[in-house]
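First up is the structure itself, then whatever we jot down about it.
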2 protein chains.
Amino acid sequence: MERRVEQLSLGLRRSGLRLTHQRLEIVRVLAADETHPDAETVYEAVRMRVPTISMDTVYRTLATLSDRGLITRVQFLPGPARYDVNQTTHHHFVCTCCGLVRDIDDPALDAIRPTADVRRMGRTDAVSVQFRGVCTACRGGKTRRT
Amino acid sequence: MERRVEQLSLGLRRSGLRLTHQRLEIVRVLAADETHPDAETVYEAVRMRVPTISMDTVYRTLATLSDRGLITRVQFLPGPARYDVNQTTHHHFVCTCCGLVRDIDDPALDAIRPTADVRRMGRTDAVSVQFRGVCTACRGGKTRRT
DNA sequence: ATGGGTGCAAATAATTTGCATACAA
DNA sequence: TTGTATGCAAATTATTTGCACCCAT
């Protein structure tokens with residue numbers, strides 16, 4: 001987690017960008033939040049440490065980080081976009097009920113390669129698998145019943 | 001394609017909803033458009049046949065159809081949501097350059113099942129694989145060169 | 001005939017942008 | 001010091017909603 005703060009900070013510096021107080025705090029929030037937060041959530045969390053930060057600085061920083069490939073903007077469900085700090089290859093479980101997003105690490109899924117059909121469509125840069133459903137919490141902890 | 005018009009129309013009627021002139025034309029546009037159009041694109045196409053239709057009727061109809069599971073709202077890239085008429089199990093190639101979305105039919109991908117890890121997260125209703133990259137057209141037809 | 005559907009306009013949500021000031025390098 | 005980043009406010013984009021009238025059933 002502390003490593004993530006360093007990776008993101010270093011990534012910004014390497015792009016010749018300034019590591020401002022605001023950016024550092026945004027990066028800290030992102031590194032500590034595994035829930036794929038949206039801009040609003042990041043804003044609220046950062047405001048606790050930098051009460052004067054503005055929403056558009058959060059938006060601009062999130063855009064900067066994803067333009068640099070340091071975080072990933074995702075939109076699994078209607079509503080605000082969310083941001084994923086995890087830059088290793090992984091997949092997702094998405095709860096269509098509460099919006100929960102959980103990372104999935106599975107070498108078998110990482111091994112999926114585009115077939116000839118897909119290669120004919122274009123060059124593939126990334127493959128990701130999405131499992132949509134209803135999370136355990138939304139089902140009231142009932143694993144076996146409907 | 002004509003079959004799709006019937007399936008969507010029937011789907012509406014089965015839900016006890018009225019098959020209005022506007023809805024029928026929207027359904028016709030959707031059935032004929034394989035490009036996963038956004039609301040604006042559907043609106044423009046329908047306007048050629050029903051010049052008085054309003055944008056919010058298009059939005060409302062698209063919402064109605066996806067609520068009934070007759071079409072699927074997808075959002076692969078930033079910007080407006082897009083709608084997928086294809087209700088058979090399939091996957092997608094997404095061009096991050098021009099926004100092209102192509103359907104992929106591949107039984108091997110359809111066969112992906114949630115592992116124990118994923119089952120612990122919740123009940124999975126759908127699995128879909130996304131290939132992101134740059135389409136042939138955006139690469140200028142160059143299949144082998146960078 | 002009658003209740004759901006439409007069109008209009010206004011509201012809301014999510015995000016972006018212009019500009020003067022502030023601060024990291 | 002110097003230009004990039006910030007904060008404020010206003011603009012844009014995408015979508016939703018209230019309401020009176022209309023039309024499919």
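Every chain is numbered from 1 and lettered A, B, ... according to where its sequence line falls, protein lines coming before strand lines. What you see below is based on every heavy atom in this structure, not just the backbone, and it leaves out hydrogens, waters and symmetry mates.
- Here the P atom of nucleotide dG4(C) and the CZ atom of R68(B) are 12 Å apart, to the nearest Å.
- Here T20(A) reaches the OP1 or OP2 of dT6(D): one of its side-chain N or O atoms lies under 4.0 Å away.
- If you find the closest nucleotide of DNA chain D to G16(A) and to R82(B), the one lying nearer the 5' end belongs to G16(A).
- Relative ring orientation between F76(A) and H92(A) is described as tilted, the plane-to-plane angle lying within the 30° to 60° band.
- Rounding to whole angstrom units, CG of residue L17(B) and C1' of dC23(D) are separated by 15 Å.
- For R18(B) and dT25(D), a side-chain-to-base donor-acceptor distance below 3.5 Å is absent, hydrogens and geometry of angles not being considered.
- For the OP1/OP2 pair of dG7(C) and a distance below 4.0 Å, the side-chain nitrogens and oxygens of T57(B) include at least one atom meeting the criterion.
- When heavy atoms are screened at a 4.0 angstrom cut-off, D56(A) is found touching base atoms of the nucleic acid.
- Side-chain N/O atoms of Q22(A) include none lying less than 4.0 angstrom from OP1 or OP2 on dA24(C).
- Between D38(A) atom CG and dT15(C) atom C1' the separation is 12 Å, expressed in whole Å.
- Annotation: side chain of L65(A) is in contact with side chain of L12(A) (closest heavy-atom distance under 4.5 Å).
- The residue R60(B) sits close to a base: some heavy atom pair falls under 4.0 Å.
- Across all strands, A81(B) comes closer than 4.0 Å only to sugar-phosphate atoms, never to a base (heavy-atom distances).
- The interatomic distance linking I26(A) (CD1) with dA5(D) (C1') rounds to 11 Å, in whole Å.
- Applying the 4.0 Å criterion to OP1 and OP2 of dT15(C), one finds that Y59(A) has a side-chain N or O inside that range.
- Nucleic acid contact for R73(A): sugar-phosphate only, since backbone atoms but no base atoms lie under 4.0 Å from a heavy atom of the residue.
- Side chains of M55(A) and E40(A) form a contact here, defined as non-hydrogen atoms less than 4.5 Å apart.
- For E40(A) and dA13(C), the CD to P distance is 11 Å, given to the nearest whole Å.
- Of the N and O atoms on the side chains of H90(A) and D110(A), not one donor lies less than 3.5 Å from an acceptor on the other residue.
- The line from OG1 of T61(A) to CD1 of I53(A) is 6.5 Å long, rounded to the nearest 0.5 Å.
- The nearest whole Å value for the distance from the CD atom in E25(A) to the P atom in dA5(D) is 18 Å.
- The separation between Y43(A) atom OH and dA14(C) atom P is 15 Å, rounded to whole Å.
- Taking atom CG of L62(A) as the reference point, atom C1' of dA5(D) lies 15 Å away to the nearest angstrom.
- Projected onto DNA chain D by closest heavy-atom contact, S54(A) and M55(B) fall at different nucleotides, the more 5' of which corresponds to S54(A).
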